[in-house]
A.B. asks: 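I'd like to ask some things about the structure below.
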Amino acid sequence: MDAVASPRKMPMLEMPQGQQAFAIVDRIYEASFAAELWPEVLAAASAISRSANGAIFVVSDHSPVRAITETHLQPLLDEFTKGDTWRFSESVKRMCAAQPASFVRVDNFITCEEIERDPVRKSTTAFGIGPHLCTAIPMPGGELVLFVFQRWLKDGSYDQAAIDLLNGLRPHLARAGLVAGRLGLERARTAVSILREIGLPAAIMSGSGRVLTANPLFEGMADVFLSTAYGGMAIADQTANALFQQAIAQNRDNRVVRSIPVAAIKGRPALVVQLLPLRRAAHDIFSGADILVVATTVGTGATVPSPNVLSGLFDLTPAEARLAVELASGHSVQEAAMEIGIAVKSARTYLERIFRKTETSRQSELVALLKSAWSFS
């Protein structure tokens with residue numbers, strides 16, 4: 001156990017905590033295309049949250065569970081996933097059912113008796129691992145991506161500060177999970193293979209906004225994506241295009257990350273256009289391209305987005321997302337504050353943050369934007 005729990009020697013861990021988180025974000029987007037880098041990314045996130053281990057699981061009705069973890073626990077994970085043991089785990093079943101929109105303490109969802117019977121928890125406890133954190137990210141294709149972090153029994157429960165740190169990384173994990181889930185947690189060797197295997201309309205662009213290549217699914221959406229001068233691209237929806245062009249312009253500092261809702265029109269459901277930065281190894285895979293653009297169709301069963309969707313779309317915290325849903329449902333700030341049990345002053349503070357994150361300035365403008373981002377569920 002002592003050898004397993006020895007401190008990780010990673011250059012980024014010598015940085016101040018804020019810089020560490022910033023560096024981890026960069027590596028998250030790199031790992032989404034180069035799966036062999038996930039163990040290092042998970043180890044870095046574990047270090048700043050005082051975790052023993054981090055892992056990713058991709059659960060689907062159409063294929064076996066796929067997973068990757070830090071190197072020191074990969075043998076245990078392989079044992080967990082090679083058979084059907086995981087299907088009998090109450091922890092797994094509860095998290096798949098709850099699909100928490102932020103990192104939560106798994107033990108709050110199961111009883112002590114269930115933990116004692118859980119075959120997976122028995123194995124991890126015997127290995128010296130205790131408390132678990134988990135968040136779940138549903139993907140448009142039906143996959144569910146779970147991010148799990150665990151602590152050594154000797155280190156006790158997760159405090160809120162550690163949970164907040166991981167929640168700060170969650171929006172980036174969600175976007176990277178869109179790609180990683182589709183690629184099966186394996187490296188896609190070329191840009192062509194990525195665009196084919198991702199199974200969603202996708203294109204790659206230079207930092208200046210020039211389209212370098214696109215897959216047939218993307219090319220078939222000529223009513224959504226319009227060609228412009230000098231090989232550029234625009235979105236037909238004016239509101240979405242304003243955000244899209246702003247994101248391209250902001251890419252000059254190589255930090256573009258954006259999710260843009262595109263309202264439904266007759267004959268076409270609502271979409272979300274995701275812009276993912278291509279970092280380091282991913283930049284090499286795509287021969288120097290800077291941005292991956294992916295379009296996902298969203299469901300039309302609701303007129304108000306769920307908190308889970310809003311968290312992923314606009315990097316909202318769970319509290320901000322709940323407030324945004326209440327506002328989109330037609331409630332005033334005072335009514336929304338009462339509904340979710342916070343002070344009106346706090347609600348106004350959250351609203352200012354929501355304005356900044358969604359690039360809106362008025363409540364009516366915010367509500368119109370949110371209603372275009374219909375729920376995935």
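Computed from heavy atoms alone, side chains included, the values below leave out hydrogens, waters and symmetry copies. Nothing here was measured: the structure is a model prediction, and the numbers come from that model.
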A.B. asks: Do you know which two heavy atoms are closest between Leu166 and Ala45, and how far apart they sit?
C.D. replies: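 Heavy-atom minimum between the residues: CD2-O, 4.1 Å.
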A.B. asks: Once rounded to the nearest 0.5 Å, what's the spacing between atom CG of Leu200 and atom CG of Asn215?
C.D. replies: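 Separation between the atoms: 8.5 Å.
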A.B. asks: If only atom types and distance count, is the side chain of Arg210 paired as donor or acceptor with the main-chain N or O of Tyr230 below 3.5 Å?
C.D. replies: no
A.B. asks: Decide yes or no for Tyr158 and Phe103: does some side-chain heavy atom of the first lie under 4.5 Å from some side-chain heavy atom of the second?
C.D. replies: no
A.B. asks: For Ile340 versus Ala319, what's the shortest heavy-atom pair and its separation?
C.D. replies: CD1-O, 4.5 Å
A.B. asks: Decide whether Leu271 and Leu217 are clustered together by the hydrophobic rule: side chain heavy atoms of Ile, Leu, Val, Met, Phe, Trp, Tyr closer than 4.5 Å, transitively.
C.D. replies: no
A.B. asks: Can you list every salt bridge (charged side-chain N to carboxylate O under 4.0 Å, His left out) pair that touches residues 328-353, not counting sequence neighbours?
C.D. replies: Glu320-Arg353
A.B. asks: Spell out, yes or no, whether Val58 and Met95 are grouped together once hydrophobic residues are joined by side-chain heavy atoms under 4.5 Å, including indirect joins.
C.D. replies: no
A.B. asks: State, yes or no, whether a side-chain contact exists between Leu278 and Leu292 at a heavy-atom distance under 4.5 Å.
C.D. replies: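 Leu278 vs Leu292: side chains touch.
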A.B. asks: Salt-bridge test for Lys93 and Asp118: reply yes if a basic N is under 4.0 Å from a carboxylate O, no otherwise.
C.D. replies: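 Asp118 and Lys93: not salt-bridged.
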A.B. asks: Among pairs that include at least one residue of residues 195-228, which meet ring-ring contact (aromatic ring centres under 6.0 Å, His included), considering only residues two or more places apart or in two chains?
C.D. replies: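 Checked against ring-ring contact (aromatic ring centres under 6.0 Å, His included) - neighbours excluded - the pairs reaching residues 195-228 are Phe218-Phe225.
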A.B. asks: Return yes if some donor-acceptor pair links the side-chain N/O of Asp159 with the main-chain N/O of Ala162 below 3.5 Å, else return no.
C.D. replies: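 Flag set: sc Asp159 to bb Ala162 pair under 3.5 Å.
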A.B. asks: May I ask whether Val145 and Val104 are part of the same hydrophobic cluster, defined by side-chain heavy atoms of I, L, V, M, F, W, Y residues being less than 4.5 angstrom apart, directly or through others?
C.D. replies: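 In one cluster: no.
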A.B. asks: Quick one: CD1 on Ile163 to CZ on Arg170, what's the gap to the nearest 0.5 Å?
C.D. replies: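 The distance works out to 13.5 Å.
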A.B. asks: Considering all heavy atoms of both residues, which atom of Ser123 and which atom of Leu76 are nearest to each other, and what is their separation?
C.D. replies: CB-CD1, 4.3 Å
A.B. asks: May I ask you to decide if Arg121's main-chain N or O and His132's side chain share a donor-acceptor pair within less than 3.5 Å?
C.D. replies: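 Here the side-chain-to-backbone pair does not exist.
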A.B. asks: Do the side chains of Ile28 and Trp38 get nearer than 4.5 Å, heavy atoms only?
C.D. replies: yes
A.B. asks: Would you check if Leu366 and Leu351 make a side-chain contact, meaning some heavy-atom pair closer than 4.5 Å?
C.D. replies: yes
A.B. asks: Does a donor on one side chain sit under 3.5 Å from an acceptor on the other, for Thr124 and Gln150?
C.D. replies: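 No pair is found: no donor N or O on one side chain lies under 3.5 Å from an acceptor on the other.
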A.B. asks: Apply side-chain contact (heavy atoms from CB on, under 4.5 Å) to residues Glu326 and Val333 and explain how you reach the verdict.
C.D. replies: CA-CA 8 Å; Glu326 294 301 327; Val333 174; over 6 Å; no
A.B. asks: Is there a side-chain contact between Leu275 and Ile248 (heavy atoms, below 4.5 Å)?
C.D. replies: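 Heavy-atom side-chain distance check passes, below 4.5 Å.
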A.B. asks: To the nearest 0.5 Å, how far apart are CD in Glu219 and CE in Met221?
C.D. replies: 12.5 Å
A.B. asks: Hydrophobic cluster membership, with links at side-chain heavy-atom distances under 4.5 Å among I/L/V/M/F/W/Y: are Val65 and Val148 in one?
C.D. replies: yes
A.B. asks: Can you measure from CG (Leu173) to CD1 (Ile137) and round to the nearest 0.5 angstrom?
C.D. replies: 6.0 Å
A.B. asks: Counting heavy atoms not belonging to Met338, are there more than 12 under 6.0 Å from its CE?
C.D. replies: no
A.B. asks: Between Gln99 and Ala136 (side chain of the first, backbone of the second, donor and acceptor by atom type, cut-off under 3.5 Å), is there such a pair?
C.D. replies: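 Such a contact is absent between Gln99 side chain and Ala136 backbone.
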A.B. asks: Working to the nearest 0.5 angstrom, can you tell me the gap between Arg362 CZ and Phe355 CZ?
C.D. replies: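 So the CZ of Arg362 and the CZ of Phe355 are separated by 9.0 Å.
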A.B. asks: Which atom pair, heavy atoms only, marks the closest approach of Ala214 to Ala203?
C.D. replies: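 Between these two residues, the closest heavy atoms are CB-CB, 3.7 Å.
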A.B. asks: How close do Ile235 and Ala240 get, counting heavy atoms only, and between which atoms?
C.D. replies: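 The answer is CG2-CB, 4.0 Å.
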A.B. asks: Taking it one step at a time, do Val293 and Val273 satisfy side-chain contact (heavy atoms from CB on, under 4.5 Å)?
C.D. replies: CA-CA 7 Å; Val293 181; Val273 176; 3.6 Å; yes
A.B. asks: Is it the case that one hydrophobic cluster holds both Phe149 and Phe109, taking links as side-chain heavy atoms less than 4.5 Å apart, direct or via other members?
C.D. replies: no
A.B. asks: Under the side-chain contact (heavy atoms from CB on, under 4.5 Å) criterion, do Leu327 and Leu323 qualify, and how do the steps go?
C.D. replies: CA-CA 6 Å; Leu327 296 175; Leu323 177 66; 4.1 Å; yes
A.B. asks: Is the backbone of Leu37 close enough, under 3.5 Å, to the side chain of Glu40 for a donor and an acceptor to pair up by distance?
C.D. replies: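 No; judged by distance alone, with no hydrogens or angles, the pair does not exist.
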A.B. asks: Using the test ring-ring contact (aromatic ring centres under 6.0 Å, His included), find all partners of Phe147 that sit at least two apart in sequence or belong to another chain.
C.D. replies: none
A.B. asks: Does Trp152 use its side chain to pair, donor to acceptor, with the backbone of Ala52 at less than 3.5 Å?
C.D. replies: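 Not at all, since once roles are kept as given, no pair shorter than 3.5 Å links the two residues.
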A.B. asks: Are Cys96 and Leu146 close enough that some pair of their side-chain heavy atoms sits under 4.5 Å apart?
C.D. replies: yes
A.B. asks: Give the intermediate values and the outcome of side-chain contact (heavy atoms from CB on, under 4.5 Å) for residues Ile24 and His172.
C.D. replies: CA-CA 10 Å; Ile24 292 169; His172 305 287; over 6 Å; no
A.B. asks: Measuring only between side-chain heavy atoms, which start at C-beta, is Gln160 closer than 4.5 Å to Asp164?
C.D. replies: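 Contact flag for Gln160/Asp164 side chains = yes.
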A.B. asks: Would you call Leu73 and Ile129 a side-chain contact if the rule is heavy atoms closer than 4.5 Å?
C.D. replies: yes
A.B. asks: Can you name the closest pair of heavy atoms from Pro131 and Gly156 and give their distance?
C.D. replies: CG-O, 3.5 Å
A.B. asks: Hey, could you give me the CD1/CZ distance between Ile48 and Arg50, rounded to the nearest 0.5 Å?
C.D. replies: 13.0 Å
A.B. asks: Does any N or O in the side chain of Thr228 come within less than 3.5 Å of the main-chain N or O of Met233, such that one atom is a donor and the other an acceptor?
C.D. replies: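 Here the side-chain-to-backbone pair exists.
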A.B. asks: Hey, does the side chain of Thr69 reach the backbone of Gly54 with a donor-acceptor pair shorter than 3.5 angstrom?
C.D. replies: yes
